[in-house]
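Note sheet for the following structure.
The chains referred to below are lettered A, B, ... by the order of the sequence lines, with proteins before strands, and numbering in each begins at 1.
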Amino acid sequence: MKVRFEKLNRLRELGINPYPYEYEQTHKSKEIKENFEQLEKQAVSVAGRMMTVRLMGKAAFCDIQDEQGRIQIYLRKNEIGEQDFEIFKMLDIGDLIGIKGEVFKTRTGEISVFAREFKLLAKSLRPLPIVKEKEEDGKRIVYDQFADKEMRYRQRYVDLIVNPEVKEVFVKRTQIIRAIRSFLDERGFLEVETPILQPIYGGATARPFVTYHNALDRKLYLRIANELYLKRLIVGGFERVYEFAKDFRNEGMDRFHNPEFTLLELYVAYKDYKWMMDFVEQLFAHVAYQVLGTTKIHFNGNEIDLTPPWQRLTMYEAIEKFTGVDISNMDEKQLRETADKLKVEVTPEMGAGKIIDEIFGELVEPKLIQPTFIYDYPIEMSPLAKKHREKPGLVERFEPIIAGKEVANAFSELNDPIDQKERFLEQLKLRERGDEEAQMMDEDYIRALEYGMPPTAGLGIGIDRMVMLLTDQPSIRDVILFPQMRPENK
RNA sequence: GAGCCAGUAGCUCAGUCGGUAGAGCAGCGGCCUUUUAAGCCGUUGGUCCGGAGUUCGAGUCUCCGCUGGCUCACCA
């Protein structure tokens with residue numbers, strides 16, 4: 001870095017502004033490569049970050065990288081002049097430069113720009129990790145890859161400069177969200193915004209972040225979900241609403257959890273969870289097709305076929321299928337014995353629903369690689385879902401499982417205000433027993449339901465996990481540009 | 001929170017049995033007007049994560065700690 005500061009000063013002494021104000025960029029690297037026939041011998045001006053330099057005495061090659069990729073630049077002393085050539089020799093990898101010149105192909109066949117003039121656009125003072133690469137048999141071999149995960153996440157800007165495949169993941173993330181949005185918009189959904197700062201948090205079981213509003217002199221919570229607000233909108237007469245919500249949960253972090261994450265929630269009036277299953281299949285297939293051009297995706301070494309229809313199993317059927325035990329008529333005691341027999345650890349505080357959930361999570365879920373809807377959940381775990389129309393003790397809820405992980409959660413929404421109030425009271429009891437994650441009573445939400453909410457189907461999709469799935473990334477940190485990190489201590 | 005692994009030059013990494021700290025790339029100085037992991041010659045660069053201990057001697061062995069990664073637990 002010291003050397004680079006000195007160079008910066010020398011450049012200034014030569015009357016060069018190392019940080020000029022603008023540059024006219026007529027073409028991007030990829031456009032030039034894709035339209036070589038039309039552009040050959042045409043004047044272009046390109047700009048980007050210098051990623052490699054090969055000095056050849058009185059000539060030089062360098063590759064510059066712009067948003068779309070890289071292109072080689074060829075410079076000759078007698079073309080750009082002695083002084084500029086000396087200046088060029090002072091540049092470093094990482095500097096941003098602009099080139100005016102003509103498109104041509106080198107002796108070895110690489111499409112390049114023959115420089116007539118160049119301009120320094122921004123001096124880089126900090127050396128980039130040097131990554132070298134070479135093509136061999138069409139495969140890209142990378143040397144000295146910038147692979148330190150901590151540095152990659154902390155200095156994402158460097159990661160993006162140096163690892164092009166990282167950039168691709170985030171481009172796809174945006175395309176995925178765009179594909180979802182257009183799918184919903186075409187089907188008559190209204191995109192809405194609901195509060196992030198909430199006086200009462202609800203809609204999920206999780207611990208919140210707490211903050212404080214001075215003027216109101218009260219605690220506010222960063223939302224853990226937006227469910228209850230969206231359903232108020234259904235009460236208000238909107239029949240199809242959705243929101244891409246940044247939600248916040250004050251919990252541990254791992255491969256699947258970041259404290260802030262993106263959850264898509266949507267609600268559809270006059271529909272139930274069966275309708276929603278069809279909808280989810282269609283949505284996933286549509287998005288995969290839009291973004292990847294296929295509904296057969298690869299994730300973690302498995303080929304996963306998202307083509308509808310997906311397998312559908314009730315939770316009881318799924319457990320029976322993978323354990324051979326029919327638990328559909330068991331009471332809590334029998335369930336406990338079954339769990340012991342299956343070597344699933346359960347604690348005394350767990351109720352029947354929780355035990356079933358444990359057995360499922362332990363023995364069934366990881367085995368569901370191909371998309372599968374699991375439906376009809378025990379009531380205890382689902383205080384906002386409507387009671388099953390036929391099966392007592394269950395609710396009309398489903399989760400699609402893909403690659404051993406749930407990617408969404410949906411139910412026929414509970415719209416009976418009296419039942420809802422009782423469920424909240426149940427949750428309050430759990431709270432009093434010390435369950436910090438049990439939900440709070442939301443009187444206003446009950447009031448809204450008392451005005452009458454149409455039968456409604458609701459869905460939540462973990463967007464980060466969906467992006468992981470569609471881009472074959474193993475960690476949520478690989479699909480969030482700036483994942484939460486411990487403070488950097490030096 | 002537990003287990004496993006790692007931390008050595010700007011980057012990627014080697015370092016044997018405990019015996020003077022290494023390579024490639026990058027950097028710096030030279031040569032080179034179609035190269036492409038450019039090449040050739042020369043050269044700079046180190047708190048070996050920190051601390052303590054064992055030892056004549058520790059990058060290497062022991063203990064404690066720090067940081068990170070992975071797995072598990074917790075958690076949607």
Rounding to an integer number of angstrom, what distance separates [N] and [M] when you compare their [atom1] atoms?
N: G39(B); M: G24(B); atom1: P; value: 12 Å
N: A26(B); M: C72(B); atom1: P; value: 40 Å
N: C61(B); M: U55(B); atom1: C1'; value: 10 Å
N: G27(B); M: U44(B); atom1: C1'; value: 8 Å
N: A52(B); M: C11(B); atom1: P; value: 26 Å
N: C40(B); M: U8(B); atom1: P; value: 28 Å
N: U67(B); M: C49(B); atom1: P; value: 16 Å

Sugar-phosphate or base contact per nucleotide [nucleotides 35-45 of chain B; S, B, -; heavy atom under 4.0 Å]: BBBB-------
What does [X] touch in the nucleic acid at a heavy-atom separation under 4.0 angstrom: a base, only the sugar-phosphate, or nothing?
X: Y74(A); result: base
X: K7(A); result: sugar-phosphate
X: M51(A); result: nothing
X: R70(A); result: nothing
X: R126(A); result: nothing
X: F256(A); result: nothing
X: N78(A); result: base

Earlier contact from the 5' end, RNA chain B, for R477(A) and A204(A): R477(A)
Exercise: do R54(A) and T52(A) side chains pair donor with acceptor under 3.5 Å: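 Result is yes, a qualifying pair exists.
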E362(A), nearest nucleotide to its side chain (from U34(B), U33(B), A73(B)):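 Nearest to the side-chain atoms of E362(A), counting from C-beta on, is A73(B).
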Of the listed nucleotides C28(B), A73(B), G69(B), the one nearest the side chain of V3(A):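 Nucleotide nearest to V3(A)'s side chain: C28(B).
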